[in-house]
Protein chains: 2
Amino acid sequence: MKNYELVLQQVEADLAAGRLRLGGRLPGERALAEQLGISRPSVREAVRVLEALGVVRTATGSGPEAGAVIVAEPSAPLTALLRLHLATSHLPMHDIVQTRVLLESWSAQEAAGLFAEKARHEVAGEDLVAKLAVAEELLERMDGEGLSPEEFHLLDAEFHVALAGLAGNVLIAAVMGSLRSAIHGYVLAAVPNLPNWDATAIGLRTEHRAIVAAIRDGQGDDAARLVTEHIEGFYRAARLSSPTW
Amino acid sequence: MKNYELVLQQVEADLAAGRLRLGGRLPGERALAEQLGISRPSVREAVRVLEALGVVRTATGSGPEAGAVIVAEPSAPLTALLRLHLATSHLPMHDIVQTRVLLESWSAQEAAGLFAEKARHEVAGEDLVAKLAVAEELLERMDGEGLSPEEFHLLDAEFHVALAGLAGNVLIAAVMGSLRSAIHGYVLAAVPNLPNWDATAIGLRTEHRAIVAAIRDGQGDDAARLVTEHIEGFYRAARLSSPTW
DNA sequence: CGAGCGGCTGTGGTCGGACCACAGCATAGC
DNA sequence: GCTATGCTGTGGTCCGACCACAGCCGCTCG
């Protein structure tokens, strides 16, 4: 048993037992070291791991914001995980695209179902409408003139993540967000492969609007199909089917 | 920019550029520290992070197995990630079950499609058959008498992960494996909720065999439906719809 | 009396050096 | 030729020190 693992065990146990909770703070590194009978470097290695897993956020200085604060940020570590394993070339780009299609088409279908239910039962669904409004606002911004491919793609990524959030599954939304972030650099690098960026952007905008319309109208099958074609079409056009360039 | 992040960047860049590859080794901690102009403790923190993310495996001693060896083990860190964030109650059990249903039903459908294609085109597919054989062997072992719920469930988890692997998407298979590992403890704790464990086990065995048969026969829709019912049925029976006990 | 400013304190961030345990390997001795 | 022993390089751990940072408190000056 390596020493730093003692800290991980301790923190996990404290979390599970409720002795540590969101917003709380870990004891100082020096105090933790003395409590567990290990050295400060060992404690620091453990804190780094917790930080890498999105469990704590560290900051220097003093006050309530300083120190190792307990947070719950699964997306960032998921992104790092995917990026690194993508870099090892043991995570084929094809698998990532396939996963995106699966998660996003499911989300679209689910979201459309929620809208259909809302229409049938006259249920509230303000939350749903608000989320869709956020997505549509992103579409507006994507209509702006003079957007660079990078700016456009950042908005596009946000839009897709917002769509995934419509279904209300935080795990799937987190995975989607991480997938987008992890491949962002790769997608940008593939933009020059496109025969005509402006034409591509116009097509993407049109497809986005069709997807939103299908979801709002509760047409789940249409929404899922449109999302699938949208994603696969782009990756095919950008010849982004492989992580080897 | 913290110093240890220099190491992460360097390693990621080396991985992407092919200067580091699977099975290769990182330079020694002392060498790495000198190369980047930082101290060994900083390097060590970075190596810990890489280890926590499943990118390297460290070992003492000398020889080709010693040092920081590049590996690609995304499942272990994913499991840790999910476990920790489950503990913070920011990951509802319902979302996890929903995700399982999505990933597993997709995998089953995809795998059935592969079998159907294999039957049509007389293509090789030894790999596919071998994987299915592994899954079936797990079913045999699950037939054993006197299995404790824990032993049964471990085999069950392996079986489901094997099914997810049939579709050949390493990302989805990894996520599935991590989901199973992360909730293993929760599922076991819910076994007492079942009215009759022996009867449940018999039902699960029957359903498993039906799923395998549907996949082998290339009946994708049936396979997906059976998987969905199988998973949802169990969670409903175990009243495992919420992370609060 | 009040407001502003400057140390004080506690936090993480970094460093250099030291020693240990371990595993392989080369070499000396049998 | 074979065995055993020490050498070497690896990560694992520790110590003590110093730095940068941010909030807090008290002092000083207007």
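Every chain is numbered from 1, with letters handed out A, B, ... down the list of sequences.
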Would you kindly give the [atom1]-to-[atom2] distance between [X] and [N], to the nearest whole Å?
X: A:Met1; N: D:dG11; atom1: CE; atom2: C1'; answer: 17 Å
X: A:Glu5; N: D:dG12; atom1: CD; atom2: C1'; answer: 12 Å
X: A:Glu51; N: C:dG12; atom1: CD; atom2: C1'; answer: 10 Å
X: B:Leu36; N: C:dT14; atom1: CG; atom2: C1'; answer: 14 Å
X: A:Glu34; N: D:dG16; atom1: CD; atom2: P; answer: 12 Å
X: A:Glu45; N: C:dG12; atom1: CD; atom2: P; answer: 16 Å
X: B:Leu50; N: D:dG11; atom1: CG; atom2: C1'; answer: 15 Å
X: B:Arg44; N: C:dT14; atom1: CZ; atom2: P; answer: 15 Å

Distance-only criterion, 3.5 Å: show the donor-acceptor pairs between side-chain atoms of residues 26-36 of chain B and protein atoms not counting sequence neighbours.
residue	atom	partner	partner atom	Å
B:Glu29	OE1	B:Arg40	NE	3.0
B:Glu29	OE1	B:Arg40	NH2	3.0
B:Glu29	OE1	B:Arg44	NH1	3.1
B:Glu29	OE2	B:Arg44	NH1	3.1

- Can you name the salt bridge (charged side-chain N to carboxylate O under 4.0 Å, His left out) partners of B:Glu137, sequence neighbours left out? none
- Query: Can you name the residues that form a salt bridge (charged side-chain N to carboxylate O under 4.0 Å, His left out) with A:Arg100, not counting sequence neighbours?
  - Reply: A:Glu104
- Task: Classify the nucleic acid contact of A:Arg48 as base, sugar-phosphate or nothing, counting any heavy atom under 4.0 Å across all strands shown.
- Result: sugar-phosphate
- Note on the structure: Closest to the side chain of B:Glu29, out of D:dT10, C:dC15, D:dG11, is D:dG11
- Verify the ring-centre separation between B:His160 and B:His208: is it less than 6.0 angstrom? yes
- Item | Near-ring test B:His153/B:His184, centroid separation under 6.0 angstrom | yes
- Message: One thing to verify: whether B:Arg83 and A:Glu12 come together as a salt bridge, which I'm taking to mean a side-chain N less than 4.0 angstrom from a carboxylate O.
- Response: yes
- Item | Side-chain touch B:Phe159/B:Val212, heavy atoms, less than 4.5 angstrom | yes
Tabulate below the donor-acceptor pairs under 3.5 Å that side-chain atoms of residues 56-76 of chain A make, not counting sequence neighbours, or state none.
residue	atom	partner	partner atom	Å
A:Arg57	NH2	A:Glu65	OE1	3.4
A:Thr58	OG1	A:Glu51	OE2	3.0

- Closest to the 5' end of DNA chain D, once B:Arg25 and B:Pro41 are matched to their nearest nucleotides, is B:Arg25
- Over its full length, what angle do the end axes of the helix from C:dC1-D:dG30 to C:dC30-D:dG1 make, each axis taken from five pairs and the result rounded to 10 degrees? 30°
- Message: With a 4.0 Å limit, can you tell me whether B:Thr58 has a side-chain N or O closer than that to the phosphate oxygens OP1/OP2 of D:dT10?
- Response: no
What does the list of N/O pairs under 3.5 Å between the protein and nucleotides 18-23 of chain D look like, with a distance for each?
residue	atom	partner	partner atom	Å
D:dG23	O4'	A:Ser62	OG	2.9

- Task: May I have the step-by-step check of side chain to side chain contact (heavy atoms under 4.5 Å, CB included) for A:Ser42 and A:Val7, ending in yes or no?
- Result: CA-CA 8 Å; A:Ser42 294; A:Val7 184; 6.0 Å; no
